[in-house]
Amino acid sequence: MNSFVPPEIDWAALSPILIVLGAAVVGVLIEAFVAGKVRRTVQVLLSVLALGAALVTVAWRWTVVQSQGATSLVAGAVVEDAPALLTQGIVLICAFVGLLVIAERSGGEDAFAPTAAAVPGSAYETQARRMGLVQTEAYPLVLFSVGGMLIFPAATDLLTLFIALEVLSLPLYLLSGLARRRRLLSQEASLKYFLLGAFSSAFFLMGVALLYGYSGSVHLTEVATAVPQMTGMDGVLLAGVILVIIGLLFKVGAVPFHSWIPDVYHGAPTPITGFMAACTKIAAFAALVRFVYVVAPGLSWDLSPALWIIAILTMLVGTVVGIVQTNIKRMLAYSSVAHAGFVLLGVVAWTSSGISSVWVYLLVYGLATVGAFGLVSLVRERDAEGNVTAEAGHLSQWAGLGRRHPVVAVCFTVFLLSFAGIPLTAGFIGKYVVFAAAIEGGAWPLVLVAVAASAAAAFFYVRVIVLMFFTEPAEDALGARATVVRTEGLSVVAVAVCAIGTVLLGVLPGPLLDLAADATKFLL
Amino acid sequence: MSLINYLVLSGILFSIGAVAVLVRRNALVAFMGVELMLNAANLTLVTFARMHGDLHGQVLAFFVMVVAAAEVVIGLAIIVSIFRTRGSASLDDVNLLKN
């Protein structure tokens with residue numbers, strides 16, 4: 001009779017995750033007990049402090065891991081190793097700037113519906129808006145989601161991976177439906193994201209079940225050791241691995257599984273779009289790289305062709321469909337699909353430089369994405385009376401913006417150039433390391449496609465720059481002409497951090513490259 | 001009875017669920033398809049747990065039920081808010097984002 005052995009838990013090593021999830025729970029209590037007038041201030045302060053503290057603890061744990069080596073925590077459910085800590089750090093940086101954009105109140109109103117439960121256009125909604133109600137539940141939801149994103153790259157058993165996937169996704173389904181303006185689009189985005197997300201997590205779960213059946217364990221390490229001993233159940237193994245990868249590729253937005261991306265990114269409140277475009281992709285790629293490099297190396301002959309096709313399709317579809325978009329958010333959504341394809345190059349390289357190149361690309365992409373969506377949320381339409389209304393989504397409304405609001409346009413240009421991969425921006429460094437890793441891994445045909453795709457993608461980024469600086473706005477569209485709304489300053493800080501980071505990493509990439517090169521060893 | 005039969009059954013349930021999500025036009029029915037897929041995965045887990053003589057699979061199934069319950073809460077909230085706005089839960093009507 002074997003007795004129960006309680007697992008040893010190293011609380012200090014779990015502190016980044018505990019801080020964020022603890023703050024989220026406190027946030028829920030604040031919703032219940034703090035008076036309405038100060039609730040928003042308290043929530044914003046709490047979330048900013050929590051993310052900042054988590055970032056500091058991640059840095060501290062990084063030094064501990066560097067000196068004492070990686071460890072496995074909570075009976076092997078979570079691991080503390082260099083790749084996990086680095087990706088947690090990247091998630092936290094992007095979440096921190098993303099949170100500043102989310103907390104922004106331009107013209108006295110934030111991006112969320114006064115009461116999400118009110119039917120759009122009803123008298124109740126008008127009354128709620130007039131009373132100045134705010135939906136501060138957004139902050140705890142963001143924190144819960146970040147908590148899931150922190151567990152996701154560190155999870156080393158399939159059950160923890162599944163729970164983390166749900167913890168990061170469920171709050172995002174709700175957040176996408178909370179937009180203050182264009183609420184029908186927002187609710188629709190929420191429904192689409194939810195149905196497709198639940199659909200994909202069912203595939204993921206079936207994959208987990210099959211891998212458990214094949215190996216008799218849910219630990220990645222034990223699954224990995226079971227892989228070489230093909231016990232006549234190779235079909236189950238391969239199906240399981242493919243289903244799990246499909247679940248992860250859905251979160252990443254790779255091409256056969258990308259159909260939700262443009263709709264959800266378009267409909268969701270713009271600050272939330274920036275947050276999830278950056279952070280979800282970082283966390284999902286971190287988990288994908290861990291899964292592929294720990295479990296699947298023995299299957300690389302079976303998986304490589306499929307991953308190659310997915311990478312090529314992702315780059316091509318993202319670029320080609322992105323060119324014909326007329327809405328700025330949809331254009332950025334397709335560009336993020338194309339970026340997922342570029343990151344996949346680092347994944348299929350099957351080398352340690354491939355792993356580090358993925359981390360570099362994710363940070364670079366995350367900063368530019370949060371910054372770009374932060375600016376999109378500031379450029380607004382004006383109605384006939386001159387009141388500032390919803391975001392100016394149509395590209396034609398961005399014409400001539402560079403003359404009227406040069407600072408905004410210049411910052412946006414920096415982000416677009418980084419997306420395009422122009423030298424002296426961080427995007428160039430990201431593309432360079434990914435391409436170099438792929439060539440080293442023998443994936444040069446992919447690199448050819450990627451270079452062609454980034455040249456084509458540069459076209460639609462440059463088109464927006466030309467539109468902003470060198471095109472006169474159409475005279476007849478006077479009422480719909482875009483304006484930049486006054487901010488309270490939080491967005492300014494966020495955009496400035498992103499822009500400076502983008503330029504700095506482009507000019508001085510050395511420290512980041514060294515950091516990423518240290519984080520290529522997964523603890524088995 | 002061989003345990004393989006349970007795996008075949010869960011495969012059939014999973015496929016029925018997947019087809020329901022893809023084909024049915026009512027958001028609630030599509031959502032029930034997802035739930036069917038999750039329960040098919042549960043059946044697979046429990047069957048494999050029995051095959052391996054190991055409890056992990058059964059514990060996993062409990063976690064899946066909890067997650068499925070949380071998913072129902074969020075899913076129904078979203079579907080109800082859409083229904084109150086439009087007076088219908090048909091997925092064909094949800095097409096504003098197409099253009």
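We name chains A, B, ... by the order of the sequence lines, and we start the count at 1 in each one. Not measured: the values here are computed from a predicted model.
Remark: B:Leu13 CG to B:Leu38 CG distance equals 12.0 Å, nearest 0.5 Å. With rounding to the nearest 0.5 angstrom, the CZ atom of B:Phe62 is 13.0 Å from the CG atom of A:Leu159. Within the model, atoms CD of B:Gln58 and OG1 of B:Thr47 stand 10.0 Å from one another, a figure rounded to the nearest 0.5 Å.
In this pair, A:Tyr193 and A:Trp260 present their aromatic rings parallel. The plane angle is below 30°, not in the 30 to 60° band.
For B:Phe31 and A:Phe194, the ring centers sit closer than 6.0 Å to each other.
The parts of A:Gln187 that come within reach of chain B are both its backbone and its side chain, each placing non-hydrogen atoms under 4.5 angstrom from that chain. Both the backbone and the side chain of A:Tyr212 come within contact range of chain B, with heavy atoms under 4.5 Å apart. Proximity to chain A involves both the backbone and the side chain of B:Ile82, based on heavy atoms less than 4.5 angstrom apart. Only the side chain of A:Phe162 comes within contact range of chain B, with heavy atoms under 4.5 Å apart. For A:Leu158, no part sits under 4.5 Å from any heavy atom of chain B, backbone or side chain. B:Ala68 does not touch chain A: none of its heavy atoms, backbone or side chain, sits under 4.5 Å away. Within the 4.5 angstrom heavy-atom criterion, only side-chain atoms of B:Phe14, from C-beta onward, approach chain A.
With respect to chain A, the highest number of heavy-atom pairs below 4.5 Å among B:Ser81, B:Ala70, B:Ala30 belongs to B:Ser81. Among B:Ala40, B:Ala77, B:Ser10, B:Ala18, the residue making the largest number of heavy-atom pairs under 4.5 Å with chain A is B:Ala18. Contact count against chain B (heavy-atom pairs under 4.5 Å) is highest for A:Gly213 among A:Ala202, A:Ala209, A:Gly213, A:Ala118. Among A:Val119, A:Thr326, A:Val208, A:Leu196, the residue making the largest number of heavy-atom pairs under 4.5 Å with chain B is A:Val119. Ranked by heavy-atom pairs shorter than 4.5 Å toward chain A, the options B:Met51, B:Arg86, B:His52 are led by B:His52. Ranked by heavy-atom pairs under 4.5 Å with chain A, the first of B:Leu7, B:Val59, B:Ile74 is B:Ile74. Residue with the most contacts toward chain B among A:Gly197, A:Ser169, A:Ala116, A:Pro120: A:Pro120 (heavy-atom pairs, distance under 4.5 Å).
Using a 4.0 Å cut-off between a side-chain N of Lys or Arg and a carboxylate O of Asp or Glu, A:Glu391 and A:Arg181 do not qualify as a salt bridge.
Contact check for B:Asn42 versus B:Asn39: side-chain heavy atoms found under the 4.5 Å cut-off.
Remark: B:Arg84 engages no residue in a salt bridge (Lys or Arg N to Asp or Glu O under 4.0 Å) (not counting sequence neighbours).
Looking only at atom types and distance, the side chain of A:Thr160 has a donor-acceptor partner in the side chain of A:Asp157 under 3.5 Å away.
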